[in-house]
Amino acid sequence: MTAGATIYALSSGAPPAALAIIRISGPDAGAALAALVGALPEPRRASLRTLRDPASNDILDRALVLWFPGPDTATGEDLAELHLHGGRAVVRAVEAGLSAMEGLRLAEPGEFTRRAFLNGRMDLAEAEGLSDLLFAETEAQRVAAIRMASGHLSRQVETWRREVLRLSALVEAELDFSDEDDVPEHAVDAVGEGISALAGEIDLTLARPRAERLRDGIRVVLAGPPNAGKSTLLNALLQREAAIVSDIAGTTRDVIEAPVALGGIPFLLTDTAGLREEGAEEIESIGIVRAQQAMAGADIVLWLGDEGEGPDHPRLWEIEAQIDRGGVSRETRRSARHRLSARTGEGLEALVADLIETARTLLPASNDVALNARQHRLLWECASALHGAEVQSDLLLRAEGLRLARHALDQLLGRTHVEDMLDALFGAFCIGK
C-alpha cells in the first residue's frame, strides 16, 4: 500500500447495472478528472460531461461527474466520482483510462475507508460499524450497525474520555498545587466520587448483551435421541430441505448448521446427531460428542427427547415434535413447552413466535450500542483501571490508573492503533469501499 497515492475503484455493484460509480481519491484526483472531462466542474455539484480517453480522445461515456476538493470529503482527500452507465464495457474502458494515468492505481480492499480513518473523518468504532453494515443481512443487524457507524458509541466514549481527563487534572492539581487557593477544596474526595460514578456507568454498558449474538445469530440447538424429529423440525423452521430425513437411526452423524432470519432476527439453527448410549458406531459416536459440545454452547436447546432427560441448560425447552404420529399425550408430557407437528406445521407458528420473543431478550436493545469483542475488552480494561484507581489512597497510583483508563478509551477509538489490527479490519471490506 503506497501512502499518498491516488486510488480509484468501482464503488457500486458489479456490472451490468443501471449505473456504475467509480471513485477517485488522492492528490491527483482533480488532474485525473480533468484529463477525462476537460475543465473541472463546480465543486459539489453534479455536472453532465463527456468522458474521453486521455490517450486516444475517444468518447468513453456521457456521464454525471462530481468534484469534491479535500479535506472536507469522505476520505479527507481530494475526491472525484464518475456516475457512469453501468455496462461492463463502459466500466472497463474508464478503468483502463485511469490505469494508464501516472500516479493512479487500483484501490485495495477497504482503502477508501482506511484513508477516512487515518485522515480523521471517522474513528475506529465508526469504521467497525460501517464494516458490520456492509455485511448486515437482517433488520436487527442493520439497525445496530447504523448506530455504530453513526458514532453513537464514539460520542459516548468521548464523553467518558473527557471525564477521565477532568479527573486526571484534579489529581495533578492536588499533587502539584495543593497549597494554592485555586485548587478546589476536597479535590481528593471529588475525584474518588467521580471515578466511582464513571466506573459504574461503564460497568452498566459492559453488562449489556454483546454484538456476537447479533452478528452470528442466536444459537438454537435441536437435540434428542435418534428419530425424535430433529431434522424434520430443522427443515420446517428453515422452510427448505437442509437435513436428510430418514427413519433409520443415526442418519444425522454430524452437526448441521443453518442460518435463518426469523422476525428480522438472525438465528443459527443446529441439527445434531441422535443421542444414545448404545448401538452407535465410531463415526456416529464422534457426532454425538459434537452434539454435546453444541448443546454446551447453545443459547437455546430444543430437547425432543423424553421428559426430564435433556441436558442441564438454562434455556432448555422440551418439545413434543411429532403429535401427528399420536405420540405422548398432553397428560403425560406436562413439561413440554411446545407440542407441534413439524410435518403438518401444527404448533410451529407458536414455537417461532416464542423463539423470536426470547431472542429479543438476548440481543442488544434497538437503542443500545452492541459492543464487539475488541470494544468490550478495551472497555473492560478501562473499567478495571478505574476500579483500581478508586481504591488507591496514593495520588500517584490513582493518576496512573486514570492514565491507563484513558489509554484504553484512546485504543477503542483508534487514536493509538496497531497496524496489523487495521490490516485485518479494512482487509475485510470490499474493493471500492
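Since this is a predicted model, take the numbers as computed values, not measurements.
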- Task: Could you give me the CA-CA distance, side-chain angles and deciding distance for Val301 and Trp317, then say whether side-chain contact (heavy atoms from CB on, under 4.5 Å) is met?
- Result: CA-CA 6 Å; Val301 174; Trp317 297 4; over 6 Å; no

- Among all residues two or more places apart in sequence or in another chain, which pass the side chain to side chain contact (heavy atoms under 4.5 Å, CB included) test with Pro41? Leu33, Ser47, Arg49, Val65, Trp67

- Partners of Arg315 by salt bridge (charged side-chain N to carboxylate O under 4.0 Å, His left out), sequence neighbours excluded? none

- State whether the side chain of Asp299 and the backbone N or O of Ile218 hold a donor-acceptor pair below 3.5 Å, judged by distance alone. no

- Query: Taking the side chain as C-beta and beyond, is there a heavy-atom pair between Leu36 and Pro54 under 4.5 Å?
  - Reply: yes

- Query: Would you find a donor on one side and an acceptor on the other, under 3.5 Å apart, between the side chain of Glu257 and the backbone of Thr270?
  - Reply: no

- Message: Between Trp160 and Thr205, is there a side-chain heavy-atom distance shorter than 4.5 Å?
- Response: yes

- Check whether any side-chain N or O of Arg219 sits under 3.5 Å from a backbone N or O of Ile300 as a donor-acceptor pair, and report yes or no. no

- Query: Side chains of Leu237 and Leu348: does their closest heavy-atom pair fall under 4.5 Å?
  - Reply: yes

- Per side-chain contact (heavy atoms from CB on, under 4.5 Å), Arg115 is matched among Asn119, Thr113, Leu118 by Asn119

- Examine distances only and state if a side-chain atom of Thr358 and a backbone atom of Asp354 form a donor-acceptor pair shorter than 3.5 Å. yes

- Student check: side-chain heavy atoms of Ser25 and Phe112 closer than 4.5 Å: yes

- Message: Determine whether Asp324 and Thr344 satisfy the following criterion, side-chain hydrogen bond (donor to acceptor under 3.5 Å, both in side chains), listing intermediate values before the conclusion.
- Response: CA-CA 7 Å; Asp324 57 304; Thr344 67; 5.6 Å; no

- Are any side-chain N or O atoms of His152 and backbone N or O atoms of Arg147, one a donor and one an acceptor, separated by less than 3.5 Å? yes

- Query: Are any side-chain N or O atoms of Arg337 and backbone N or O atoms of Leu316, one a donor and one an acceptor, separated by less than 3.5 Å?
  - Reply: no

- Closest non-hydrogen atom pair, Ala350 against His338: O-CE1, 3.5 Å

- Message: With a 4.5 Å cut-off on side-chain heavy atoms, are Arg161 and Arg415 touching?
- Response: yes

- Query: Is there a side-chain contact between Leu153 and Leu371, using heavy atoms and a 4.5 Å cut-off?
  - Reply: yes

- Gap between atom CG of Leu402 and atom CG of Leu170 - 0.5 Å precision: 9.5 Å

- Message: Go through it in stages, so that I can follow the logic: the residues are Glu128 and Gln375, the test is side-chain hydrogen bond (donor to acceptor under 3.5 Å, both in side chains), and I'd like the CA-CA distance, side-chain angles, deciding distance and then a yes or no.
- Response: CA-CA 10 Å; Glu128 288 173 314; Gln375 295 159 353; 2.7 Å; yes

- Can any side-chain N or O of Glu318 pair as donor or acceptor with the backbone N or O of Gly308 at less than 3.5 Å? yes

- Hey, does the side chain of Glu212 reach the backbone of Ala373 with a donor-acceptor pair shorter than 3.5 angstrom? yes

- Message: I'd like to check Thr75 versus Arg121 (side-chain heavy atoms, cut-off strictly below 4.5 Å). Are they in contact?
- Response: no

- Spell out, as yes or no, whether a donor-acceptor pair under 3.5 Å connects the side chain of Arg339 to the backbone of Gln322. no

- Should the heavy atoms of other residues, nucleotides or ligands under 6.0 Å from CG of Asp394 be counted, would the total exceed 12? yes

- Message: Suppose we screen for side chain to side chain contact (heavy atoms under 4.5 Å, CB included). Which residues come up paired with Ala408, at least two apart in sequence or across chains?
- Response: Glu381, Cys382

- Message: If we ignore hydrogens and angles and just use 3.5 Å, is the side chain of Thr6 paired with the main-chain N or O of Leu104 as donor and acceptor?
- Response: no

- Message: Could you go through Leu60 and Arg52, starting from their C-alpha distance and side-chain angles, then the distance that decides it, and tell me whether this counts as side-chain contact (heavy atoms from CB on, under 4.5 Å)?
- Response: CA-CA 5 Å; Leu60 300 176; Arg52 294 181 179 271; 5.7 Å; no

- Task: Taking the six-membered ring of Tyr8 (Phe, Tyr or Trp), confirm whether the NZ or CZ of Arg105 is under 6.0 Å from its centre and within 45° of its axis.
- Result: no

- Item | Exercise: identify the closest heavy-atom pair between Arg343 and Thr232 | CG-CG2, 4.0 Å

- Item | Leu51 vs Ile59, side-chain contact (heavy atoms from CB on, under 4.5 Å): CA-CA, chis, key distance, verdict | CA-CA 6 Å; Leu51 278 65; Ile59 294 177; over 6 Å; no

